[in-house]
Amino acid sequence: MFVVLIGALLSTVTVGRALAASRVSGFDVQIVLWLWFTLLFANFAEAMAEGRGKAQADSLRKTRTTTLARRLRNDHEEQVSSGVLTPGDLVVCEAGDIIPSDGEVVDGVASVDESAITGESAPVIRESGGDRCAVTGGTRVLSDRIVVRITSEQGHTFLDRMIAMVEGARRQKTPNEIALTILLSALTIIFLLAVVSLKPVAAYSELASGQSGPSLVTVPALVALLVCLIPTTIGGLLSAIGISGMDRLVQRNVLAMSGRAVEAAGDVDVLLLDKTGTITFGNRMASAFVPAPQVAPDRLAQAAQLASLADETPEGRSIVILAKNRYNLRGRDISESQARFVPFTAQTRMSGVDFPSRDGHPPLVIRKGAADAIRQHVERLAGAFPPSVQEAVDAMGRQGSTPLVVAENGNVLGVVQLKDVVKGGIRERFAQLRVMGIRTVMVTGDNPLTAAAIAAEAGVDDFMSQANPEMKLRRIRQEQSEGHLVAMTGDGTNDAPALAQADVGVAMNTGTQAAREAGNMVDLDSNPTKLIEIVEIGKQLLMTRGALTTFSIANDVAKYFAILPAMFGTLYATAGQAGPLSALNVMGLHSPQSAILSAVIFNALIIVALVPLALRGVVYRPLGAGAILRRNLLVYGVGGLIAPFLGIKLIDVLLTLTRLV
Amino acid sequence: MKPLEIAQVLALFVVVLTAAPLLGSYMARVYSGGRNFLSPVLGRVEHAIYRFGGVDPQIEMRWTTYAAALLAFNLVGLLLLWLLQLAQASLPLNPARLPNVGLWLAFNTAVSFVTNTNWQSYSGETTMSYLVQMAGLTIQNFVSAATGMAVAIALARGLARKSSSTIGNFWSDLVRGTLYILLPLSVILAFLLVSQGVVQTFSPPATALTLQGSPQVIPLGPAASQVAIKQLGSNGGGFFNANSAHPLENPTPFSNFLELVSILLIPAGLPFTYGSMVGSHRQGWAIFAAMATLFTVFLAGALASEFGMHPANLEGKEVRFGVANSVLWAVTTTAVSNGSVNSMHSSLSPLAGMLAMLNMQLGEVAFGGVGAGLYGMLMFVILTVFVAGLMVGRTPEYLGKKIEAFEIKMAVVAVLSPSAFILLFSPLAAVTKVGLASVLNPGPHGLSEILYAFSSAAANNGSAFAGLNANTDFYNILLGIAMLVGRYAVIVPALAIAGSMVVKQVTPPSSGTFPTDGLLFVALLVSVVVIIGALTFFPSLTLGPIVEHFLMRMGRTF
């Protein structure tokens with residue numbers, strides 16, 4: 001773009017001087033105008049992309065207003081400005097307070113409105129200890145009281161980084177962008193030489209042809225040729241592509257801490273995915289009732305439902321729902337039956353319900369629990385544990401499900417199968433990833449058997465069972481030493497080392513401060529499945545750059561065929577005949593002036609025409625590399641070759657019709 | 001074309017296609033340092049050379065050391081050759097009592113032979129003594145070729161080795177390339193050529209009485225040995241001024257065929273060497289296919305242009321060879337950076353002449369000079385991989401190694417420096433008095449002569465368009481600079497890439513990496529080579545050969 005600026009200045013000066021001598025042609029003035037337009041359009045593209053980020057940053061900045069913080073010093077509360085807080089300070093926040101800075105909850109539990117950052121209006125729970133202790137400055141406490149230990153210095157809080165990021169203030173060129181810039185600069189230099197050398201070569205040719213001044217090698221015309229040849233299209237759109245890539249992430253509520261991370265996402269070829277939440281719904285769910293011999297299925301279902309009515313765990317609720325769906329059993333109002341619920345304890349490892357004897361019914365003791373716990377339970381009541389039930393239990397274990405045995409008094413009624421339910425569509429997603437050359441590794445704390453069963457069902461390429469954070473870290477290092485790029489998601493503090501080690505570490509916003517610091521992206525929705533979308537956005541970013549570069553360079557061929565015959569069409573011409581080089585005017589452009597002007601206008605307009613593409617990114621389909629390359633080459637390579645021929649001809653016709661030249 | 005001519009072209013293709021893979025795998029074995037069937041004979045010589053030079057061939061070099069050794073070796077060679085010419089009158093083996101060579105002509109010639117260009121601003125038999133021809137030029141014919149091959153091999157090692165730091169030992173590559181590849185092939189070829197009637201003698205020029213009765217001096221000399229290496233090592237500097245059109249350098253159709261094969265042999269074999277070094281024969285085939293495609297397209301274009309002329313264009317051609325063989329030679333010698341000629345390229349049809357020129361302007365990668373063609377093509381491969389890699393949405397990688405800013409920087413320097421100097425110097429010559437004074441023909445043809453000269457120098461080709469008197473200080477110096485740039489502004493970046501790639505980790509291929517050994521990649525590589533070359537030179541070619549072509553069709557010639 002710098003070259004365009006110099007070129008525009010140069011031709012303006014030339015035309016200005018001609019103007020002073022009143023020897024100016026309307027053609028030269030038009031060329032100069034269009035050169036400035038080219039510059040304007042290129043800047044417009046960047047400004048537009050930046051504009052989107054700016055608007056977002058402004059809304060964020062509103063939440064960053066200095067607030068009063070209630071700092072705890074020696075058990076005394078004092079009011080200070082949030083600006084003076086330093087890491088390690090303890091502050092108190094109660095309902096209605098705005099949390100003054102990033103920190104960790106060290107005491108208490110509260111619901112927090114984080115909509116300022118995530119856009120999600122539902123409040124989230126923040127409590128001391130565990131993985132839900134991180135709070136973000138600028139969010140509002142809705143209920144209760146918490147004590148927060150400040151962890152970030154002022155100016156380096158999450159919000160500050162977020163603003164800097166979307167504003168593009170800290171945006172550095174990514175490695176690929178640097179490499180591409182080098183290539184484009186080199187092309188610019190060589191075209192500069194090609195065009196500059198044209199002047200003396202033309203002078204020689206004029207001398208040799210014995211003609212004087214037949215060729216159109218004026219400064220504006222040469223600058224026009226140069227500007228058409230150098231890759232202005234991709235040059236003008238390059239930063240817009242980068243910014244819009246970041247922007248697409250932000251629209252999906254993901255914050256990348258650096259452009260480098262977005263680019264790395266496109267290169268990732270191994271995904272470490274947590275089983276829970278990403279591949280399966282967080283919890284096990286009842287999926288089948290397997291009754292014992294001589295027990296009707298609905299009897300088992302009814303007992304299981306009764307035992308679970310007060311069980312508020314997701315597993316319990318899923319049993320109630322399954323019984324309702326399968327056998328149309330409705331949870332009866334059992335408060336009048338004076339039922340006494342037995343909650344799950346670590347000692348009994350069972351839960352259930354006791355009905356006292358009433359209306360001649362004997363007392364009823366219903367229990368559900370792990371197979372061995374129920375076995376002890378029924379044997380104590382002098383019942384028997386049928387072998388067929390034991391077989392069902394073993395079979396379920398092999399399939400990776402959890403068996404839950406239900407007993408009524410001393411009788412075993414059957415088994416409820418609790419299963420990790422794999423999310424719908426995830427299998428297809430993994431198949432697509434495989435086509436793209438990305439391997440998926442499922443990480444779970446389950447035993448190998450369970451893990452294998454779920455891995456097979458979800459269609460992942462590999463799994464790690466009984467995984468702990470150290471194993472995760474080791475696995476990432478191992479993959480990286482084999483040359484792979486690894487992406488992962490995580491939320492716990494113990495995920496932090498692995499998040500930092502991974503090439504792309506996406507921290508969940510609900511996660512701990514440590515996790516959010518360690519990752520290079522934060523997902524504000526805390527949706528681990530989004531990792532896949534992040535990879536796609538990264539790929540799309542690189543593809544857009546490659547496609548537009550190809551397009552830009554392919555365009556040059558047509559421009560040569562427009563401008564060179566225009567410049568030299570009359571060279572070596574003999575009286576009454578067109579010059580030999582007018583044979584190169586394959587587009588049949590009207591006049592030399594209209595030809596050059598059309599090329600320049602096309603060159604300027606194509607930038608504008610491609611802005612939407614640069615902002616949106618090229619169409620991305622999960623295909624193998626060969627297929628993607630073939631498709632993009634056809635569209636942007638061959639298309640880039642043909643489009644300007646049509647475009648320049650069209651502009652030429654319009655120019656001629658409107659008699660602008 | 002007559003059936004016999006078609007058969008000759010096809011025969012060349014078949015012979016090269018058969019011999020190149022065989023030679024390629026032999027060369028891979030030579031450079032791997034292992035024993036080969038010549039080791040029993042030449043192994044002692046090899047070790048004697050190492051002992052004499054005080055080098056340990058086992059010591060592996062980083063790219064900087066490798067490049068420094070190469071540059072130092074070439075610099076010493078250049079200075080020696082320069083001095084030898086400046087003092088030839090007082091040195092032995094000068095039966096024709098030739099005087100000392102002029103300062104800048106000697107500079108130009110020294111640069112020319114050290115850079116494997118073999119541009120000759122002089123007429124060989126009447127300027128250089130036998131000593132200079134043999135001890136100076138012939139030795140450089142060998143070692144400049146071996147230098148080019150060494151660079152290609154070092155680059156291949158850089159791409160093939162995983163997470164290493166060294167790219168081989170320059171001295172060992174130099175010695176092994178000369179001893180096991182160039183020397184044996186030259187000996188065989190020299191004997192074959194002598195059998196066809198190429199002279200090999202230390203006698204002073206013979207004098208004969210012509211039919212008219214006037215005495216004619218026939219220059220003789222040890223030609224066969226120099227002709228063999230000039231063709232095999234893509235040197236091209238003729239023993240006689242008429243080069244391979246001279247009956248004592250290229251007497252029969254069979255010698256003509258032999259020399260064509262030997263021009264193509266090593267450059268066409270090296271992609272296969274490369275394939276076996278990087279552990280994938282398909283990669284080697286892909287590069288060979290891209291080179292062969294370019295070569296075939298250029299040949300077809302040139303033949304079509306020549307045979308489209310009525311009557312047949314025999315100006316500047318040896319009637320012994322005819323149109324087809326002359327065009328075949330013209331395309332081969334410019335595609336392979338050889339530069340020997342068996343016809344006067346100036347008299348080719350404008351478009352055939354342009355294709356010969358464009359061949360050189362593309363950087364001579366359609367086979368290209370020994371070694372130079374391969375490393376030149378690999379520079380284009382890196383650029384192609386970069387653009388294609390972005391288009392599939394990944395940081396581009398070649399053979400599993402990431403292409404980053406440094407490699408792109410070096411590759412564009414390597415690809416564009418020679419072009420830049422052609423574009424700088426040609427216009428300079430076209431508008432200055434000293435430049436124009438040497439031009440023989442007026443009009444666009446004169447421009448072609450200048451453009452051809454600088455393209456030939458910058459591409460280290462060495463063939464001349466004829467018509468241009470290049471033996472002036474102006475041209476000797478400018479062409480000398482162009483040759484130096486065309487050689488070392490490619491070699492140093494190529495070695496730098498070898499050095500930066502050798503340390504990189506290899507990412508195992510997946511379906512997300514696009515294959516660099518398929519048809520699609522070959523097509524893309526060819527397009528990148530053509531488009532970069534065409535876009536750079538289209539303007540100047542338009543005012544040279546293209547306008548001449550159209551003028552000729554309108555009935556005006558120059």
Side-chain angles (χ1 to χ4, degrees), chain A residues 175-176 178-180 182-183 186 189-191 193-195 197-198 200-205 208-209 229 263 266-267 269 434-439 482-484 538-540 542-543 545-547 549-550 553 556-557 560 564 568 571-572 577 580-581 583-584 620 624-626 628-630 632-633, chain B residues 383 386-396 400 403-405 407-409 412-413 416 419-420 423-424 426-428 430-431 436 442-444 446-447 505-515 518 520 524 527 531 534-540 542-543 546-547 549-551 553-554 556:
Chain A
N176 275 322
I178 293 170
L180 186 56
I182 291 171
L183 180 64
I189 291 171
I190 204 75
F191 285 135
L193 284 174
V195 170
S197 74
L198 210 49
V201 171
Y204 166 90
S205 299
S209 65
L229 290 181
E263 218 166 61
D267 290 340
D269 54 1
R434 196 166 307 119
V435 175
M436 286 154 56
I438 297 173
R439 223 149 34 84
E482 287 164 12
H484 295 289
K539 282 199 178 299
Q540 202 185 21
L542 294 180
M543 276 161 62
R545 268 192 216 133
T549 306
T550 312
I553 295 172
D556 283 355
V557 176
Y560 266 139
L564 286 181
F568 302 113
L571 197 65
Y572 293 106
Q577 268 188 312
L581 284 177
L584 288 180
Y620 175 79
I628 293 180
L629 182 62
R630 212 167 330 170
N632 283 342
L633 265 184
Chain B
L383 294 184
F386 181 71
V387 174
L390 285 183
M391 267 196 287
V392 302
R394 268 176 82 135
T395 295
I403 307 286
E404 288 163 303
E407 287 78 38
I408 291 297
K409 201 186 293 172
V412 292
V413 167
L416 298 179
S419 303
L423 288 176
L424 274 176
S426 304
L428 189 64
V431 288
L436 287 174
L447 185 63
Q505 240 188 8
V506 173
T507 311
S510 70
S511 61
T513 23
F514 74 92
L520 185 65
L524 193 59
S527 334
I531 284 186
L535 288 181
T536 313
F537 291 104
F538 195 58
S540 12
T542 307
L543 295 178
I546 295 181
V547 72
H549 168 77
F550 285 121
L551 282 170
R553 292 221 315 220
M554 295 163 80
R556 290 169 64 187

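Below, chains carry the letters A, B, ... as their sequence lines are ordered, and counting in each starts from 1.
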Self-check item: Contact class of B:L524 relative to chain A, heavy atoms under 4.5 angstrom
Solution: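 Only the side chain of B:L524 comes within 4.5 Å of chain A.
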Self-check item: Heavy-atom contact with chain A under 4.5 Å, split by part of B:L535
Solution: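 Both backbone and side chain.
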Check whether any side-chain heavy atom of [X] lies under 4.5 Å from a side-chain heavy atom of [Y], and answer yes or no.
X: A:L633; Y: B:L520; answer: yes
X: A:Y204; Y: B:L436; answer: yes
X: A:I553; Y: B:V387; answer: no

Of all the heavy-atom pairs spanning [X] and [Y], show the shortest one and how long it is.
X: B:V392; Y: A:A625; answer: CG1-O, 3.4 Å
X: A:M543; Y: B:M391; answer: CG-O, 3.0 Å
X: B:A405; Y: A:I178; answer: CB-CG2, 3.8 Å
X: B:I408; Y: A:A179; answer: CG2-O, 3.5 Å
X: B:V547; Y: A:P580; answer: CG2-CG, 3.6 Å
X: B:A420; Y: A:L193; answer: CB-CD1, 3.4 Å

Rounded to the nearest 0.5 Å, how far does [atom2] of [Y] lie from [atom1] of [X]?
X: A:I190; Y: B:T536; atom1: CD1; atom2: OG1; value: 5.5 Å
X: A:L584; Y: B:F550; atom1: CG; atom2: CZ; value: 4.5 Å
X: B:L423; Y: A:L198; atom1: CG; atom2: CG; value: 10.0 Å
X: A:K539; Y: B:L390; atom1: NZ; atom2: CG; value: 11.5 Å

Considering only heavy atoms, which portion of [X] lies under 4.5 Å from any heavy atom of chain B: side chain, backbone, both, or neither?
X: A:V195; answer: neither
X: A:R434; answer: backbone
X: A:Q540; answer: neither
X: A:L229; answer: neither
X: A:I438; answer: neither
X: A:D269; answer: side chain
X: A:V435; answer: backbone

Quiz item: Can you check whether B:P539's main-chain N or O pairs, donor with acceptor, with A:Y560's side chain at less than 3.5 Å?
Solution: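 Here the side-chain-to-backbone pair does not exist.
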Practice problem: Check whether any side-chain N or O of A:S197 sits under 3.5 Å from a backbone N or O of B:L424 as a donor-acceptor pair, and report yes or no. | Solution: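 Between the backbone of B:L424 and the side chain of A:S197 there is no qualifying donor-acceptor contact (under 3.5 Å).
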Taking [options] one by one, which has the highest count of heavy-atom pairs under 4.5 Å against chain B?
options: A:V557, A:T549, A:L180; answer: A:L180
options: A:A547, A:G437, A:G626; answer: A:G437
options: A:V201, A:I189, A:I628; answer: A:V201

Self-check item: CA sep, side-chain torsions, deciding dist, call: B:F386, A:L183, side chain to side chain contact (heavy atoms under 4.5 Å, CB included)
Solution: CA-CA 10 Å; B:F386 181 71; A:L183 180 64; 3.9 Å; yes
Self-check item: Name of the residue among B:T542, B:L543, B:I546 meeting side-chain contact (heavy atoms from CB on, under 4.5 Å) with A:L564
Solution: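 Passing option: B:T542.
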